[in-house]
Trainee: 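What follows is a structure written as C-alpha cells; I'll ask about it next.
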Amino acid sequence: MKIMKLNKLTLKSIADLRSHILSKTPSFYHSSMTSTVIPYDSIESYLSSIGIAEFTMVDLSTMPNFMEINERGELVISGAVTWKDAKAFCRSKGRDIMTSPTEELACILAGFATSATGERFFGFGGLREQVVSLEYCNAKAETCELQATKPIEDYTDLTEYQKSYEHFSEFKNAPFPRMVQETDLLIGTEGQLGVITGATLKTTELNERTYIFIKLPKWEESIKPHMEVFHKVQAFRDQVFSCELLDSNSLKVLPSEEQVSSSGDLIFLEVLTGSFEEVYEKLLGEFDFISEEDIFEISAARCHALRMNVPRYTFERNARMGVVKKGTDVQVKSANFEELFEIYRSWTKLGVEYNLFGHFGDAHLHFNFMPTKEQEEVCQEQLLQLYKKVLELGGSPFAEHGIGLIKQKFIKNYLSSTQYDFFKVLKQEMDPENIFFPVGYLNLKEKA
Ligand SMILES: Cc1cc2nc3c(=O)[nH]c(=O)nc-3n(C[C@H](O)[C@H](O)[C@H](O)COP(=O)(O)OP(=O)(O)OC[C@H]3O[C@@H](n4cnc5c(N)ncnc54)[C@H](O)[C@@H]3O)c2cc1C
C-alpha cells in the first residue's frame, strides 16, 4: 500500500483561518474530533485504503471562543465553544440550551456542520430549528452571514431537490441535507461549503428537571414493556424532554465503580420538575407491564455520566480492538420500530458482542457491534443488509452522526441524480476549487 501524506495544522485566530483558506490548500477542518463517522484513530490507514494520497487536517479546537446572551435571550457564540461550556454559561444566566448531544465535549459550530441532535430532540426538536443565524468563512476567505428567516437562494435544480427531501421531513436528518432556509447551507453539509465561525441560537428558560430510571427486562427477551413506554410517552413531549435507552450490554461496558444494579435494560426520562406529579399520575403510574417498584429517581449528574460514558467506553473498546466503528444511527417511523428491533434481535445470534442504546423515544437507536478483527466482515455485511431494509421501510439511515467518511459506502442506494446534481451545483457555487473537505459526500459521483 502506498504511504499517504497527512498534514496537520492548528489555527488560533480568524486571521490564521483566512490566510489558510487563501492558500487554497484542500483541507478537512475539524473541531473536537468526536465524530463517529471519521475514523480519527486510524485516519492514515483508512485514507490509504480508499486511495487518498494526501490529506490536510486543520484543527479549529483552539480558536478563541466567545459567548453572550443577547437581549432576546439567544446564545451568541464564536470559536471553539463546546456543548458543556455553553450549558454551564447559559445556566449561569438563567437560560438553558435545547440541544444536548450525548458527547458534551463536541463543539457547537461542528454540531451545525453535522446537524447534531441528541437527547433533548424528544422535547425540543432539532438544532436546525433553533438556529437564528450562522457566520462562516467562504472560499474567498470572506466572512458571510446566513439568516434562518431567509429562504435559500434559488439555485438550479433546487425545487426538485426540495421535493425529494419531503419524504424525510419528519425525521431528524435525511441521508442528504435539507435545503429550505439560508442557514441550511451550512447545516449537515459537514464543512464542505465553508468554515463556520459563529452562530446565534435560541435558548429556553432554565427550569428544574427530575431524572427517572425505569428498569425493564432485556429487550432480547421481550419488548412489550419497552413498547408500552414508547407509545405512552409520545403524548408527554412538552413535559418529558428526553427518553433514552441503555440496554443490559451497554451497562456492562462501564467500569465496575460506575455499574448500575440492574440485570435488564434501563430507560431514562428527563422530566420537567414542575410537571412531575402530573407525569407520575398519567404516565409512570399507568403502565401495565412495569411495576412502580422498577421506577426510581436519580441525580442529573449520575444520569448524565451514565448516558455519556456508555458510548465513550463502547468506542474505546472498538479502538482497542483495532476495528472501525460498526454501529447504526437509524431512525424509523413509530409504526416500524418493532421491525427495527426484530432486525437487531437477529444480530444477537451472530456470536458477535454488541450493545444497544440511544434515543428510544424518537425510534432512533444505536446498535453497536463490538467485533474482533476477524468478525468485522460479518458485521459489515449485516450493515449492508440493514441499509437495504431501512430503504424499504422508508426510514432515515443516518439520523444524527452524519456521513463523514465511514458511511459513504452505505449511501448510494439513498441518492439519485436529483441529489448528485444538486450537490454539484452547491460545490460549484460555493467551493469551486474544492478546498473544503474535498473527499466528503458532496463530491460523490453517481455510478452509471
Ligand atoms: C460518545 C459520543 C456520543 C455522541 N452522541 C451524539 C449525539 O447524541 N448526537 C449527535 O448529533 N452526535 C453525537 N455524537 C457525534 C459527534 O459528537 C457529533 O457529530 C459532533 O457534532 C461532532 O463535533 P466535533 O466538535 O467533535 O466535530 P469534529 O469531529 O471535529 O468534526 C465533525 C464534522 O464537522 C466538520 N466541522 C467541524 N467544525 C467545523 C466548523 N467550524 N465549520 C465547518 N465544519 C466543521 C468537520 O469537517 C467534520 O466533517 C457522539 C459522539 C460520541 C463519541
Side-chain angles (χ1 to χ4, degrees), residues 11 14 17 21 27-41 43 55-63 65 77-85 99-122 126-128 134-138 172-173 185-199 242 244 250 253 304-319 325 327 329 331 357-359 362 364-366 368 398-408 430-431 436-442:
L11 302 183
I14 291 287
L17 173 63
I21 291 176
S27 301
F28 171 81
Y29 294 83
H30 66 83
S31 296
S32 297
M33 295 173 57
T34 69
S35 167
T36 60
V37 291
I38 304 289
Y40 289 114
D41 287 334
I43 192 88
F55 196 70
T56 300
M57 294 178 71
V58 179
D59 187 354
L60 302 169
S61 69
T62 50
M63 290 286 278
N65 61 25
I77 60 162
S78 59
V81 174
T82 65
W83 292 102
K84 191 174 177 189
D85 298 335
T99 292
S100 185
T102 313
E103 179 50 75
E104 286 197 312
L105 299 179
C107 280
I108 299 192
L109 299 184
F112 288 107
T114 62
S115 191
T117 60
E119 294 155 27
R120 288 192 176 162
F121 185 95
F122 187 76
L127 185 57
R128 219 193 268 114
L134 286 179
E135 192 187 86
Y136 75 105
C137 245
N138 70 10
K172 296 178 176 183
N173 283 298
L185 284 167
L186 271 288
I187 299 180
T189 43
E190 301 185 358
Q192 298 170 85
L193 300 177
V195 179
I196 309 171
T197 51
S242 314
E244 301 278 306
S250 301
V253 299
H304 204 76
L306 261 178
R307 184 62 191 87
M308 190 152 59
N309 287 338
V310 165
R312 276 190 185 164
Y313 284 115
T314 303
F315 300 139
E316 260 176 49
R317 193 267 187 208
N318 280 341
K325 183 180 186 287
D329 183 20
Q331 185 187 16
F357 57 79
H359 314 300
D362 295 315
H364 175 205
L365 293 175
H366 304 297
N368 286 283
F398 323 116
E400 72 177 0
H401 287 209
I403 295 156
L405 292 167
I406 295 177
K407 298 271 168 92
Q408 286 184 16
M430 296 181 67
D431 183 23
F436 296 128
F437 191 3
V439 290
Y441 69 84
L442 289 181

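Order of listing sets the numbers, starting from 1, for every ligand and every atom in it. Only a predicted model underlies this, so the values are computations on that prediction, with no experimental measurement involved.
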Trainee: Return the residue, atom name and 0.1 Å-rounded distance of the protein heavy atom closest to atom 11 (O) of ligand 1.
Mentor: T117 N, 3.0 Å
Trainee: Between A113 and ligand 1, which part of the residue brings a heavy atom under 4.0 Å of the ligand: side chain, backbone, both or neither?
Mentor: side chain
Trainee: Hey, is ligand 1 close enough to M33 that some N/O pair sits below 3.5 Å?
Mentor: yes
Trainee: Check salt bridge (charged side-chain N to carboxylate O under 4.0 Å, His left out) between D362 and all other residues, then give those that pass, not counting sequence neighbours.
Mentor: K172, R237
Trainee: Can you tell me the protein heavy atom closest to atom 47 (O) of ligand 1 and the distance?
Mentor: Y29 O, 2.6 Å
Trainee: May I ask you to identify, for E119, whether its side chain, its backbone, both or neither come under 4.0 Å of ligand 1 on a heavy-atom basis?
Mentor: neither
Trainee: Determine whether L365 and F357 make a side-chain contact, defined as any pair of heavy atoms from C-beta on separated by less than 4.5 Å.
Mentor: no
Trainee: What residue and atom, counting heavy atoms only, is the protein's closest point to atom 29 (O) of ligand 1, and at what distance?
Mentor: Y40 OH, 2.8 Å
Trainee: Which ligand 1 atoms are under 4.0 Å away from a heavy-atom of G194?
Mentor: 43 (C)
Trainee: Measuring from the heavy atoms of L60, does anything fall under 4.0 Å of ligand 1?
Mentor: yes
Trainee: Does the E190 side chain pair with the main chain of G404, one donor and one acceptor, at a distance under 3.5 Å?
Mentor: yes
Trainee: Is the contact between Y136 and ligand 1 made by the side chain, the backbone, both, or neither, using heavy atoms and a 4.0 Å cut-off?
Mentor: neither
Trainee: Atom 16 (C) of ligand 1: which protein heavy atom is closest, and how many Å away?
Mentor: T34 OG1, 3.4 Å
Trainee: With heavy-atom distances below 4.0 Å as the criterion, list the atoms of ligand 1 near G191.
Mentor: 43 (C), 44 (N)
Trainee: Can an N or O of S31 be found at a distance shorter than 3.5 Å from an N or O of ligand 1?
Mentor: yes
Trainee: Using a strict cut-off of 4.0 Å, indicate which atoms of ligand 1 neighbour a heavy atom of E103.
Mentor: 1 (C), 2 (C), 3 (C), 4 (C), 5 (N), 17 (O), 50 (C), 51 (C), 52 (C)
Trainee: Compare every heavy atom of S61 with every heavy atom of A80, then report the nearest pair and how far apart it is.
Mentor: CB-O, 3.4 Å
Trainee: Short list, please: which atoms of ligand 1 are under 4.0 Å from a heavy atom of A116?
Mentor: 11 (O)
Trainee: Considering only non-hydrogen protein atoms, determine which one is nearest to atom 6 (C) of ligand 1 and report residue, atom name and distance to 0.1 Å.
Mentor: H401 NE2, 3.5 Å
Trainee: Where is the nearest protein heavy atom to atom 49 (O) of ligand 1: which residue, which atom, and how far?
Mentor: E190 O, 3.4 Å
Trainee: Could you tell me which atoms of ligand 1, counted from 1 in the order shown, lie closer than 4.0 angstrom to a heavy atom of P101?
Mentor: 7 (C), 8 (O), 9 (N)
Trainee: Using the six-membered ring wherever Trp is involved, compare the ring planes of Y40 and F28 and label them parallel, tilted or perpendicular (cut-offs 30° and 60°).
Mentor: tilted
Trainee: Do the side chain of S32 and the main chain of L105 share a donor and acceptor less than 3.5 angstrom apart?
Mentor: yes
Trainee: Could a heavy atom of M63 be found less than 4.0 Å from some atom of ligand 1?
Mentor: no
Trainee: Do any nitrogen or oxygen atoms of I196 lie less than 3.5 angstrom from nitrogen or oxygen atoms of ligand 1?
Mentor: yes
Trainee: For Q192 and L442, indicate whether the former's side chain and the latter's backbone hold a donor-acceptor pair under 3.5 Å.
Mentor: yes
Trainee: Can you confirm whether D431 sits close enough to F437 that some side-chain heavy atom of one is under 4.5 Å from a side-chain heavy atom of the other?
Mentor: no
Trainee: For ligand 1, is G111 a contact, meaning one of its heavy atoms is under 4.0 Å away?
Mentor: yes
Trainee: Can you tell me if T314 and N368 form a side-chain donor-acceptor pair at under 3.5 Å?
Mentor: no
Trainee: Under 4.0 angstrom from ligand 1, any heavy atom of S61?
Mentor: no
Trainee: Which protein heavy atom lies closest to atom 23 (O) of ligand 1, and at what distance to 0.1 Å?
Mentor: A106 CB, 3.4 Å
Trainee: At their closest point, which heavy atom of S115 faces which heavy atom of R128, and how far apart are they?
Mentor: OG-NH2, 3.8 Å
Trainee: Which value, rounded to the nearest 0.5 Å, describes the distance between Y136 atom OH and L185 atom CG?
Mentor: 6.5 Å
Trainee: Show the atoms of ligand 1 that are less than 4.0 angstrom away from any heavy atom in H359.
Mentor: 8 (O)
Trainee: E244: which residues meet the salt bridge (charged side-chain N to carboxylate O under 4.0 Å, His left out) condition with it, sequence neighbours left out?
Mentor: R307
Trainee: Determine the interplanar angle of the H366 and H359 rings, folded into 0 to 90°, and report it as parallel if under 30°, tilted if 30 to 60°, perpendicular if over 60°.
Mentor: perpendicular
Trainee: Determine whether the side chain, the backbone, both or neither of F28 has a heavy atom under 4.0 Å from any heavy atom of ligand 1.
Mentor: side chain
Trainee: First locate atom CZ of F112, then atom CD1 of I187, and finally report the distance between them rounded to the nearest 0.5 Å.
Mentor: 6.0 Å
Trainee: At less than 4.0 angstrom from any non-hydrogen atom of R312, what atoms of ligand 1 do you find?
Mentor: 1 (C)
Trainee: Can you confirm, on distance only, whether ligand 1 has an N/O atom lying under 3.5 Å from any N/O atom belonging to S35?
Mentor: yes
Trainee: Considering only the protein, which heavy-atom contact is closest to atom 18 (C) of ligand 1, and what is its distance?
Mentor: T114 OG1, 4.0 Å
Trainee: Using distance alone, with no hydrogens and no angle criterion, decide if E400 and T117 have a side-chain donor and acceptor under 3.5 Å apart.
Mentor: yes
Trainee: Below 4.5 Å, heavy atoms only, C-beta onward: do F436 and M430 meet side chain to side chain?
Mentor: no
